[in-house]
Amino acid sequence: MDNAKKTLAVRSVAGATKDRLEQLRTYTRLTFGSLIDDAVDALWREYIAEGHDLS
């Protein structure tokens, strides 16, 4: 697993997404970056499972 971190600047997200991130942040000790990492990983796995070629 690559643990190298990159800094990203997010220009905008939906208000509901920001609210959900903030709520998740109070529920877990994970950082926003870790929450986003987990979400992207889950979406990636779903696309692969559906047969999309993302490699």
Rounded at 0.5 Å granularity, tell me how far [atom1] in [X] sits from [atom2] in [Y].
X: Leu43; Y: Leu54; atom1: CG; atom2: CG; value: 8.5 Å
X: Ile36; Y: Leu8; atom1: CD1; atom2: CG; value: 8.0 Å
X: Lys5; Y: Asp37; atom1: NZ; atom2: CG; value: 5.0 Å
X: Lys18; Y: Phe32; atom1: NZ; atom2: CZ; value: 7.0 Å
X: Leu30; Y: Leu24; atom1: CG; atom2: CG; value: 9.0 Å
X: Glu46; Y: Asp41; atom1: CD; atom2: CG; value: 11.0 Å

Verify the neighbour count for atom CD of Gln23: are there more than 12 heavy atoms of other residues, nucleotides or ligands below 6.0 Å?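 No, because the 6.0 Å sphere around CD of Gln23 holds 12 heavy atoms or fewer from other groups.
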
Linked hydrophobic residues, Val10 as query - side chain contacts closer than 4.5 Å: Val13

Check: Thr28 side chain, Arg25 main-chain N or O, donor-acceptor pair, under 3.5 Å: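 Side chain of Thr28 to backbone of Arg25: no pair is present.
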
